[in-house]
There are 2 protein chains.
Amino acid sequence: MASPNTRAQILDAAEHLFAERGFRGASVRAITDLAGANLAAVAYHFGSKAELLAAVVRRVVEPINDAQRTRFDTLLARTPEPTVTELVEAFAGPLFDGMRAGDEGGARTSRLIMRILGDPAEEMRAWTGSDEDAVRERYLTAFRRALPDLSPEELWFRMRGILAVAAVDRVEVYNRQLPDCVSPAVGDDARRWAITFLTAAMSAPPTGT
Amino acid sequence: MASPNTRAQILDAAEHLFAERGFRGASVRAITDLAGANLAAVAYHFGSKAELLAAVVRRVVEPINDAQRTRFDTLLARTPEPTVTELVEAFAGPLFDGMRAGDEGGARTSRLIMRILGDPAEEMRAWTGSDEDAVRERYLTAFRRALPDLSPEELWFRMRGILAVAAVDRVEVYNRQLPDCVSPAVGDDARRWAITFLTAAMSAPPTGT
DNA sequence: GGAAGAATCAAACGAACGTTTGAATGAATC
DNA sequence: GATTCATTCAAACGTTCGTTTGATTCTTCC
């Protein structure tokens, strides 16, 4: 029984297990087992475990980056001076769109993004290209125009805050039961709450000296 | 040459390496080497690698939790109805106080907290006690009183946002150079920026239907 | 149907892993 | 000085790791 696309199944399994257990915690054997493939398939299709990780991360990051760029373009095509709300929506929105079905409500992608952000390991940092830098800088200058009173350092801090909220978004923070509030965020709720949360945060007046 | 306190040196080294490489990425050998101790010292002093992790996490989390509780008590001793700003300051402040000298500006503790929050592994979740739950719930009800219009679900989302910003706070999010803004946040800047950021975020009106 | 290339497979490689062991060392008590 | 207990040590345990190998299957095209 030959699978139609071993490569894609390995990518899926690796995305799952890298998010769940981290790069070093997810063994090649566990990945190929979950994918229903042979152990040697990773070396054959990707070269090494590190290159597999890079492929997984690229597959997650690229659509997000593309969406951020196109939404930035359509935004500036409409108005030369976008508001903070519009910029937050365009920048943060794609971070939530990437969380699709079969993703345990986005927790898996959230976890993967979190690992990407937090892991200083070489393998986790080998994926970025100049595209990510370019998009990020365009938003940065647009935000600076919309928030002229903010120092560059504080603005930078706030942009990282956006990524932080998106990353932790749907991860179970505590292992205990939720106090008495009900099910975790479903569907678009988390996304809309995040936009509200982040728009208010980005719009805050500069921190006084 | 007998070290005065092998146990503490192992805890320091483990905190460093667990933050830097994760639980599975930090080997017992690397930890004992960094601590200048023998390989078997971990088993002798802590029983196992997992119990060492629990001890490390406890040492980081407990002071934060204690500070959150005492600041909550002094706050309510002064006024029965604290403002959102006061609550954010009391809850988020201790998350930044834990980042001391020799911590690379807090990046190490940040990373460790991030791993604790994001890692679903059994070993990472074995530390929490009822103390953390109790403090968290007290803040939750206080926030609910200060923000009566917010649904419990959205309030819960926002409280996780506080943890998110604190966790990602000083982690280098991008691996490239900062665009043109200068050094990363130093000293109390990040803490004050975070309070500003989070107070505005928490005070945002409820997300419309 | 047979040659050719891509893909998959079982098996093995050395290295690194967490843990255990039993002897060697240190300091304190009698 | 001998005894005792806590601590440190080098060495080895079996397991799992990422990767490599060489043969085997599947697919494609002539």
Side-chain angles (χ1 to χ4, degrees), chain A residues 1-58 112 115-116 119-127, chain B residues 1-58 112 115-116 119-127:
Chain A
M1 155 187 154
S3 86
N5 199 350
T6 304
R7 208 187 124 95
Q9 289 175 246
I10 290 179
L11 275 172
D12 288 340
E15 182 176 325
H16 186 116
L17 291 177
F18 282 149
E20 208 72 20
R21 310 181 190 174
F23 176 67
R24 300 178 223 231
S27 70
V28 175
R29 282 171 175 83
I31 291 170
T32 50
D33 282 358
L34 182 62
N38 186 271
L39 171 62
V42 164
Y44 179 78
H45 285 283
F46 299 94
S48 70
K49 185 186 180 184
E51 290 174 273
L52 169 61
L53 172 70
V56 167
V57 174
R58 257 195 304 270
L112 186 63
R115 297 213 190 258
I116 297 169
D119 206 316
E122 192 69 34
E123 300 92 350
M124 281 284 185
R125 306 246 149 223
W127 55 270
Chain B
M1 156 184 155
S3 86
N5 199 351
T6 305
R7 211 188 121 95
Q9 289 176 245
I10 290 178
L11 275 173
D12 288 340
E15 182 176 324
H16 185 115
L17 291 177
F18 282 150
E20 208 71 20
R21 311 181 188 174
F23 177 67
R24 301 179 222 231
S27 71
V28 176
R29 282 170 175 82
I31 291 169
T32 50
D33 282 359
L34 182 60
N38 186 272
L39 170 62
V42 164
Y44 177 78
H45 285 284
F46 299 94
S48 71
K49 184 187 180 184
E51 292 174 272
L52 169 60
L53 173 71
V56 167
V57 174
R58 257 194 304 271
L112 186 62
R115 297 214 189 256
I116 297 169
D119 206 316
E122 191 69 33
E123 300 92 348
M124 280 284 185
R125 307 246 148 224
W127 55 272

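Keep in mind it's a predicted model, so treat the numbers as computed, not measured.
Here the side chain of B/Gln9 pairs a donor or acceptor atom with the backbone of B/Ala35 at under 3.5 angstrom. Judged by distance alone, the side chain of A/Arg24 and the main-chain N or O of B/Arg24 form no donor-acceptor pair under 3.5 Å. With B/Arg115 contributing its side chain and B/Glu20 its backbone, the two residues share a donor-acceptor pair below 3.5 Å.
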Step by step, would you call B/Phe18 with B/Leu52 a side chain to side chain contact (heavy atoms under 4.5 Å, CB included)?
CA-CA 10 Å; B/Phe18 282 150; B/Leu52 169 60; 4.2 Å; yes
Quick one: do B/Leu34 and B/Ile10 satisfy side chain to side chain contact (heavy atoms under 4.5 Å, CB included)? Show the steps, please.
CA-CA 8 Å; B/Leu34 182 60; B/Ile10 290 178; over 6 Å; no
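For the pair B/Tyr44 OH and C/dA24 C1', the interatomic distance rounds to 14 Å; values are reported in whole Å. Separating the CZ atom of B/Phe46 from the C1' atom of C/dT19 is a distance of 16 Å, rounded to the nearest angstrom. Put simply, CD1 on B/Ile31 is 14 Å from C1' on C/dA16, counting in whole angstrom units.
The stretch residues 40-54 of chain B participates, sequence neighbours left out, in these side-chain hydrogen bond (donor to acceptor under 3.5 Å, both in side chains) pairs: B/Ser48-B/Glu51.
Using a 4.0 Å cut-off, no side-chain N or O of A/Thr6 falls inside it from OP1 or OP2 of C/dA7. Under 4.0 angstrom from either OP1 or OP2 of C/dA6 there lies no side-chain N or O belonging to A/His45.
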Each nucleotide of nucleotides 13-24 of chain D classed B (base within 4.0 Å of a protein heavy atom), S (only sugar-phosphate) or -, in 5' to 3' order, makes ----BBBBB---
